[in-house]
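Heads up, the thing below is written out as structure tokens.
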Amino acid sequence: MFTRFGDSVVVAIDHGLHWGVFEGFEDPEETLELVLESGPDGILASVPFLRRFEETINDYDVATIATLDLLHDSTLPGDHEDQEIHRQVFSVDAAAELGADAMKVALVYGREDVGVLEENVQFVADAAERGEELGIPLVVEPTLWGQRADDELDPSYLADANRIAFELGAHILKSPYPGEGAFDPIVENAPLPVYIAGGPPVETDVEVLEMVRGAVDAGSCGVMFGRNVWQRDDPSAIIDALKAIVHDDATVDDAATHLTE
């Protein structure tokens with residue numbers, strides 16, 4: 001089930017599904033082509049996005065991960081409020097028909113509405129089970145995005161959330177990175193390949209590399225980054241630098257040489 005994965009740099013481009021027109025991602029085809037030309041190991045996008053641009057994607061040797069769920073926090077498109085709208089909107093079978101190498105759902109903790117979490121837990125388990133039947137691994141992204149969560153990077157809660165994701169049937173974890181030392185228990189307590197999520201873009205490219213170096217040292221298999229790639233000044237250079245760390249075990253200083261070439 002993991003023939004297309006292992007140590008990987010995956011670029012997430014599913015943000016439009018959740019937030020509409022996103023800064024740096026106004027033109028979906030242009031952003032896709034920019035990312036693909038930069039040579040990542042994989043891309044993560046919604047099922048309709050992968051279907052719409054299937055011909056373009058097939059021109060590249062890149063793994064595909066299909067996002068199955070939708071997250072809104074407002075009933076107005078693109079607005080950010082305090083609503084808790086989280087549903088699986090695409091099927092495992094649709095991802096399989098596309099030939100996706102994996103699929104992804106979020107597992108969001110800290111909800112005010114118990115019913116939203118209840119449904120979330122159920123569709124994670126159902127997707128994992130159907131993925132087993134079809135031979136498609138499920139990536140689960142455990143997060144602390146709910147209103148009750150004061151700290152999205154709380155290492156204790158993240159360790160528990162990632163362990164629960166494993167127990168629900170995840171094959172791969174996409175975890176927020178809570179920092180050096182705090183990430184180790186996440187890797188140790190959930191016996192699955194773990195990749196780190198990027199979250200909001202950090203200030204400098206070197207900070208991105210330092211985060212990835214720390215995660216790899218703790219046992220991460222790589223990254224699934226979105227904004228920390230395509231919102232940077234030179235997405236191609238940051239992908240090269242990330243691949244140097246993930247594939248070649250480069251130091252931060254050695255990886256940073258890709259940023260100036």
Side-chain angles (χ1 to χ4, degrees), residues 10-32 34-35 43-50 52 65-90 103-124 127 139-155 157-158 160-162 164-165 173-179 195-204 207-208 211 223-233 235 238:
V10 176
V11 178
I13 48 175
D14 60 345
H15 298 66
L17 172 65
H18 311 299
W19 294 300
V21 181
F22 209 91
E23 183 180 354
F25 197 5
E26 292 84 359
D27 185 324
E29 187 169 16
E30 181 180 279
T31 301
L32 171 64
L34 172 65
V35 167
I43 58 171
L44 187 158
S46 72
V47 169
F49 190 104
L50 294 174
R52 171 64 180 83
I65 303 174
T67 294
L68 304 184
D69 56 340
L70 173 148
L71 288 151
H72 284 348
D73 54 14
S74 174
T75 58
L76 292 171
D79 275 9
H80 294 280
E81 297 176 330
D82 57 2
Q83 302 300 312
E84 298 177 344
I85 304 165
H86 188 191
R87 293 291 181 91
Q88 181 178 338
V89 289
F90 310 116
M103 54 196 173
K104 192 273 296 185
V105 295
L107 177 60
V108 182
Y109 283 98
R111 298 298 201 189
E112 292 282 0
D113 186 339
V114 173
V116 176
L117 176 60
E118 179 181 357
E119 182 176 353
N120 189 182
V121 168
Q122 189 62 60
F123 73 65
V124 169
V139 179
V140 177
E141 181 176 7
T143 71
L144 304 173
W145 289 339
Q147 297 174 61
R148 296 186 61 211
D150 295 326
D151 180 3
E152 291 185 7
L153 297 178
D154 184 295
Y157 281 137
L158 285 176
D160 286 336
N162 277 274
I164 293 167
L173 297 171
K174 177 189 178 188
S175 175
Y177 180 66
Y195 299 79
I196 63 167
V202 297
E203 187 171 340
T204 69
E207 287 179 275
V208 175
M211 175 170 58
V223 304
M224 295 187 184
F225 281 2
R227 287 169 283 176
N228 272 314
V229 170
W230 44 262
Q231 281 190 337
R232 306 218 71 81
D233 291 338
I238 199 71

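Here, residue 1 is the first one in the sequence, and each next residue gets the next number.
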What closest approach, in Å, do [X] and [Y] show between heavy atoms, and which atom pair accounts for it?
{"X": "Pro28", "Y": "Phe49", "value": "CB-CE1, 3.7 Å"}
{"X": "Asn120", "Y": "Ala106", "value": "ND2-O, 2.9 Å"}
{"X": "Pro178", "Y": "Leu153", "value": "CB-O, 3.4 Å"}

Looking at [atom1] of [X] and [atom2] of [Y], how far apart are the two atoms once the value is rounded to the nearest 0.5 Å?
{"X": "Glu26", "Y": "Thr31", "atom1": "CD", "atom2": "OG1", "value": "7.0 Å"}
{"X": "Leu107", "Y": "Leu117", "atom1": "CG", "atom2": "CG", "value": "7.0 Å"}
{"X": "Gln83", "Y": "His72", "atom1": "CD", "atom2": "NE2", "value": "11.5 Å"}
{"X": "Phe225", "Y": "Ile196", "atom1": "CZ", "atom2": "CD1", "value": "4.0 Å"}
{"X": "Asp113", "Y": "Glu119", "atom1": "CG", "atom2": "CD", "value": "10.0 Å"}
{"X": "Phe90", "Y": "Leu70", "atom1": "CZ", "atom2": "CG", "value": "7.0 Å"}

_Would you call the rings of Phe22 and Trp230 parallel, tilted or perpendicular, taking 30° and 60° as the class edges?_
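Ring orientation, 0 to 90° scale: perpendicular.
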
*asked:* Parallel, tilted or perpendicular: which one describes the rings of Trp19 and His80, with boundaries at 30° and 60°?
replied: tilted

Check: [X] side chain, [Y] main-chain N or O, donor-acceptor pair, under 3.5 Å:
{"X": "Asp14", "Y": "Thr67", "result": "no"}
{"X": "Glu84", "Y": "Glu112", "result": "yes"}
{"X": "Glu207", "Y": "Val202", "result": "no"}
{"X": "Gln231", "Y": "Glu23", "result": "yes"}

*Looking at side-chain heavy atoms only, is the closest gap between Leu144 and Leu158 below 4.5 Å?*
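Result yes, sub-4.5 Å side-chain heavy-atom pair found.
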
